[in-house]
> 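What follows is a structure written as structure tokens; I'll ask about it next.
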Amino acid sequence: MAHGHKSNEKVVYVGDSRVKKNNHPNIPPDYTSYPGKSEAFIPNFLLKEWMVGCVVLVGFLTWTIAEGAPLGYPADPTNASFIPMPDWYFLFLYQFLKYPWVSGDYIVLGTMGVPAVMFGALLLAPFLDTGKERRFYRRPIASSLMFLSLISCVYLTIISWNHYTHELEATNTIPEHHVREEKAREAHEKGQEAPSASKPDDNKAVALVDANDPAMDIAKKAQCVSCHAADLKGNPPQIPALTGVGDRLSKEELVETVTNGRGGMPAFKDQLSAEEIDQLTTWLAKQKAPAE
């Protein structure tokens, strides 16, 4: 319509001002109606991410309840035969820190420098990768870095686990949580109470006889304490205690064991002379429990 400042001006309407009512609900079209466009981040995409996160969290909680964490015996700093092992999700980092260029003199680089670079890259990723394309095969740099990280973590985890199992076989060691599970199973089958969580045979420990004998220096020279511990109590049942060994083995059996080895124990005929072996085994034969 057209009008001026005069109040008596004639007003003329052009066309019909009536608008037909639309009975369709006011719902915006789905994002799939627009090829090449993505869905709205809030709330569509974010809600899906939350739902996936909840499902994964519930799955982990169910897993932890159904499969309890393996528990060994309380930490014993004198147990030199214990093979430390982190949780499975840290195996890749455990193996990574074994390499010489991130350990020893470069331990700060391995424990702080490399992780700082990795976490910094994650924080900066949204600012460095600003492309609108969401298909992973159209984002070669980001996808390549992601696959490289995943492959590296899987590779280091497998190498770390293989090295751990090799050490167990080489030292004839059974993991402590396996020992506890076996003892608990045996006690359950016999209708007995489950054994205490304290280290086995702690209450039956036999005192070391003549600890100042020169043969103790020979034992240290032969690195006996590296497996049997500084107090020679070992780590039963994998590594027997040398305290009380005289009750289990005769002098002749001890000479044979030290000379030629037994089970996971190496032979010492190339490290010790015959006189040293005789002196050591004579002292070990004295290691007996006091008569009651």
Side-chain angles (χ1 to χ4, degrees), residues 59-91 94 160-209 211 219 224-258 260-267 281 283-292:
F60 269 111
L61 292 176
T62 305
W63 188 9
T64 54
I65 294 173
E67 192 71 26
L71 296 177
Y73 294 105
D76 182 6
T78 64
N79 181 13
S81 63
F82 178 75
I83 302 176
M85 196 67 173
D87 293 317
W88 64 268
Y89 43 82
F90 281 133
L91 282 178
Y94 179 64
S160 179
W161 181 254
N162 290 340
H163 183 260
Y164 173 65
T165 54
H166 175 73
E167 284 187 317
L168 292 178
E169 294 175 357
T171 58
N172 196 25
T173 302
I174 302 175
E176 289 184 349
H177 62 279
H178 289 177
V179 176
R180 289 192 61 182
E181 290 175 0
E182 182 64 21
K183 289 184 175 295
R185 185 186 63 79
E186 293 176 355
H188 177 72
E189 291 177 351
K190 296 177 181 179
Q192 300 174 353
E193 184 179 356
S196 172
S198 60
K199 195 171 182 178
D201 297 332
D202 277 352
N203 297 328
K204 301 179 181 179
V206 179
L208 190 64
V209 178
C224 297
V225 295
S226 63
C227 293
H228 294 279
D231 55 4
L232 301 184
K233 292 181 180 179
N235 184 33
Q238 302 95 332
I239 301 176
L242 295 183
T243 54
V245 69
D247 292 324
R248 304 189 301 271
L249 299 175
S250 65
K251 167 70 181 301
E252 293 73 18
E253 291 173 326
L254 287 170
V255 172
E256 174 65 21
T257 301
V258 174
N260 300 316
R262 173 188 288 184
M265 176 179 169
T281 53
W283 176 68
L284 290 174
K286 299 177 183 178
Q287 305 303 320
K288 298 181 180 181
E292 296 181 357

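None of these values were measured; they are calculated from a predicted model.
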> What is the minimum heavy-atom distance between L284 and V245, and which atoms define it?
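Here L284 and V245 meet closest at O-CG1, 3.3 Å.
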
> Give a yes or no on this: more than 12 heavy atoms of other residues, nucleotides or ligands lie within 6.0 Å of atom NE2 of H188.
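For H188, atom NE2 is not crowded (no more than 12 foreign heavy atoms under 6.0 Å).
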
> When rounded to the nearest 0.5 angstrom, what is the spacing between CD in E252 and OG1 in T281?
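If we round to the nearest 0.5 Å, E252:CD and T281:OG1 are 9.0 Å apart.
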
> For residues A267 and N260, report the shortest heavy-atom separation together with the two atoms involved.
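What the structure gives for the nearest pair is CB-C, 3.5 Å.
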
> Can you give me the closest heavy-atom contact between Q287 and L242, atom names plus distance?
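Distance-wise, the nearest heavy atoms are CB-O, 3.5 Å.
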
> Can you tell me how far CD of E176 sits from CZ of R180, rounded to the nearest 0.5 angstrom?
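With rounding to 0.5 Å, CZ (R180) is 9.0 Å from CD (E176).
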
> Between T165 and N162, which heavy-atom pair has the shortest distance, and what is it?
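The answer is OG1-O, 2.8 Å.
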
> What I'd like to find out is whether the side chain of Y164 reaches to under 4.5 Å of the side chain of P175, using heavy atoms alone.
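A side-chain contact exists here, since the closest heavy-atom pair is under 4.5 Å.
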
> Specify the closest pair of heavy atoms between P84 and Y94, including all atoms of both residues, with the distance to one decimal.
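That closest heavy-atom pairing would be O-OH, 3.3 Å.
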
> Would you please test E181 and R185 for salt bridge (Lys or Arg N to Asp or Glu O under 4.0 Å) and show each step?
CA-CA 6 Å; E181 290 175 0; R185 185 186 63 79; over 6 Å; no

> Which pair of non-hydrogen atoms, one from T243 and one from R248, has the smallest distance, and what is that distance?
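Heavy atoms of T243 and R248 come nearest at O-NH1, 3.9 Å.
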
> For atom CD of E189, is the number of surrounding heavy atoms from other residues, nucleotides or ligands below 6.0 Å larger than 12?
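More than 12 heavy atoms, drawn from other residues, nucleotides or ligands, come within 6.0 Å of this atom.
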
